[in-house]
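Here's the structure we're looking at; comments come further down.
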Amino acid sequence: MLNKPSSPANETALMARVTAIAGLTFGELAEQLNVAVPNNFKREKGWTGQLIELALGASAGSKPQQDFPDLGIELKTLPLSYNNTPLETTYVCYAPLTGVSGLTWENSNVKNKLQKVLWIPVQGEREIVPADKLIGQGFIWQPNASELSLLQQDWEELMDMICLGHVEKINARIGEVMQIRPKAANGKALTDAIGENGSKILTRPRGFYLRKNFTSNILKQLFS
DNA sequence: CATTGATCATAC
DNA sequence: GTATGATCAATG
């Protein structure tokens, strides 16, 4: 029994836990942690991430920082198809829509979070019930120069639109490897943003997401 | 059938 | 509402 693991002291200890849960099904791990397994994710969409967080001793809660702040590591689950390609985009963080003056790629929340990521591949096919989905071997990834450049380009293009009051013109087609999409409880959620001519407007909250091609390439690097 | 836009649960 | 964890499901 793993009982509510505490925060790992270092990366080696963290990776030992990662390897220990690799090959288990969600059901097996959930049983060890005394967690109930849903029959689908129509409601508990973040269940997998929370299960893995608990198993690895990530600091819980909704802090806008890394999951392992002492280690500088962000944790992400990555749902894969039978062909080992990502089935979903990867949420990174909220997109700032106000107070954006002085914000640069270097000090952005996106760069901070993506500097070092512990990816946990998991089976994502909807036809597999959650209890039977397998946990894969997690691995640490740090973006290379090329990836950083692509991310920075997309971040700057999107943040320029936000700064210039064009947030309403942003759609999910913009950005080569990273996009901005709505991120809210529902369509009624509104937040402040910059409108035309610098006026204040209300708009739907947005988040940054990594495109599937980008995360797919991260996986390919593992085998090259 | 892949993608975009919408949505669900939870903590504070 | 903000922010975490994400997947769902309507659409073209």
Side-chain angles (χ1 to χ4, degrees), chain A residues 7 26 29-30 33 35-69 73-83 85-100 108-110 112-114 117-131 133 135-136 138 154 158 161-162 167-193 200-216:
Chain A
S7 182
F26 293 0
L29 183 57
L33 297 168
V35 172
V37 186
N39 292 320
N40 58 60
F41 294 143
K42 287 181 184 178
R43 306 193 75 82
E44 297 171 77
K45 297 181 179 180
W47 185 87
T48 306
Q50 288 163 351
L51 178 75
I52 302 297
E53 279 186 347
L54 182 60
L56 299 181
S59 30
S62 58
K63 305 179 196 71
Q65 288 306 318
Q66 289 135 330
D67 296 288
F68 301 96
I73 294 174
E74 170 73 9
L75 174 66
K76 292 288 178 200
T77 58
L78 190 58
L80 301 183
S81 68
Y82 293 127
N83 295 324
T85 59
L87 283 167
E88 296 289 347
T89 55
T90 301
Y91 171 68
V92 181
C93 61
Y94 250 40
L97 303 181
T98 59
V100 289
S108 70
N109 203 195
V110 173
N112 177 57
K113 283 212 171 185
L114 296 183
V117 178
L118 169 57
W119 295 100
I120 309 288
V122 299
Q123 284 189 322
E125 298 283 3
R126 291 186 196 179
E127 71 177 43
I128 308 174
V129 296
K133 285 180 173 172
I135 300 165
D154 288 343
L158 291 161
M161 293 184 71
I162 289 171
V167 63
E168 299 289 23
K169 292 193 176 75
I170 293 177
N171 59 43
R173 297 168 190 81
I174 301 172
E176 188 174 339
V177 298
M178 185 170 65
Q179 62 190 167
I180 280 183
R181 305 212 308 275
K183 171 66 172 169
N186 55 57
K188 295 168 194 160
L190 292 173
T191 190
D192 289 345
K200 191 175 91 172
I201 62 170
L202 288 173
T203 189
R204 286 152 33 251
R206 318 297 170 96
F208 284 107
Y209 295 80
L210 299 177
R211 291 188 183 280
K212 289 188 278 184
N213 274 348
F214 187 77
T215 48
S216 181

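By convention in this document, chain letters (A, B, ...) are assigned in the order of the sequence lines, proteins followed by strands, and residues within each chain are numbered from 1. Heavy-atom basis, side chains included; hydrogens, waters and symmetry copies ignored.
- N40(A) comes within 4.0 angstrom of nothing in the nucleic acid, heavy atoms only.
- Candidate nucleotides dG5(B), dT7(B), dG5(C) were compared by shortest atom distance to the side chain of E53(A), and dG5(C) ranks first.
- A donor and an acceptor atom never sit less than 3.5 Å apart when one is taken from the side chain of Y91(A) and the other from the base of dA3(C).
- Contact annotation: R43(A) side-chain N/O to dA9(B) OP1/OP2 distance is under 4.0 Å.
- In this model, the phosphate group of dT3(B) is approached by a side-chain N or O of K212(A) to a distance below 4.0 Å at OP1 or OP2.
- OP1 or OP2 of dC8(C) lies within a sub-4.0 Å distance of a side-chain N or O belonging to R126(A).
- Note on T89(A): a base of the nucleic acid sits closer than 4.0 angstrom, heavy atoms only.
- Nucleotide dT7(C) holds its C1' atom 13 Å from the CG atom of L78(A), rounded to whole Å.
- Side chain K183(A) to base dG5(C): a donor-acceptor pair is found below 3.5 Å.
- When heavy atoms are screened at a 4.0 angstrom cut-off, A189(A) is found touching the sugar-phosphate backbone but no base atom.
- When distances run from any side-chain atom of D67(A) to the nucleotides dT7(C), dG5(B), dT4(C), the shortest one goes to dT4(C).
- With dG5(C), dT7(C), dT2(C) as the choices, the nucleotide that has an atom nearest any side-chain atom of Q50(A) turns out to be dG5(C).
- The CG atom of L80(A) sits 13 Å away from the P atom of dA6(C) (whole-angstrom rounding).
- A distance-only check finds no donor-acceptor pair linking the side chain of Q123(A) to the backbone of K133(A) [under 3.5 Å].
- Note: CG (L54(A)) to C1' (dA6(C)) measures 17 Å, nearest angstrom.
- Distances shorter than 4.0 Å separate some side-chain N or O of R173(A) from OP1 or OP2 on dG5(B).
- When the nucleotides dT4(B), dT7(C), dC8(B) are ranked by their closest atom to the side chain of Q179(A), dT4(B) comes out on top.
- Distances shorter than 4.0 Å separate some side-chain N or O of K76(A) from OP1 or OP2 on dG5(C).
- Judged by distance alone, with hydrogens and angles left aside, R206(A) brings no side-chain donor or acceptor close enough to the base of dT4(B) to form a pair under 3.5 Å.
- Residue contacts for G46(A): at a heavy-atom cut-off of 4.0 Å it reaches a base atom on one of the strands shown.
- Judged by distance alone, the side chain of K76(A) and the main-chain N or O of Y91(A) form a donor-acceptor pair under 3.5 Å.
- Residue contacts for Q66(A): at a heavy-atom cut-off of 4.0 Å it reaches no nucleic acid atom on any strand shown.
- Within the structure, every side-chain polar atom (N or O) of Y94(A) is placed at least 4.0 Å from both OP1 and OP2 of dT4(C).
- The base of dT7(B) sits within donor-acceptor range of the side chain of K45(A), with an N or O pair under 3.5 Å.
- Using a 4.0 Å cut-off, no side-chain N or O of T77(A) falls inside it from OP1 or OP2 of dG5(C).
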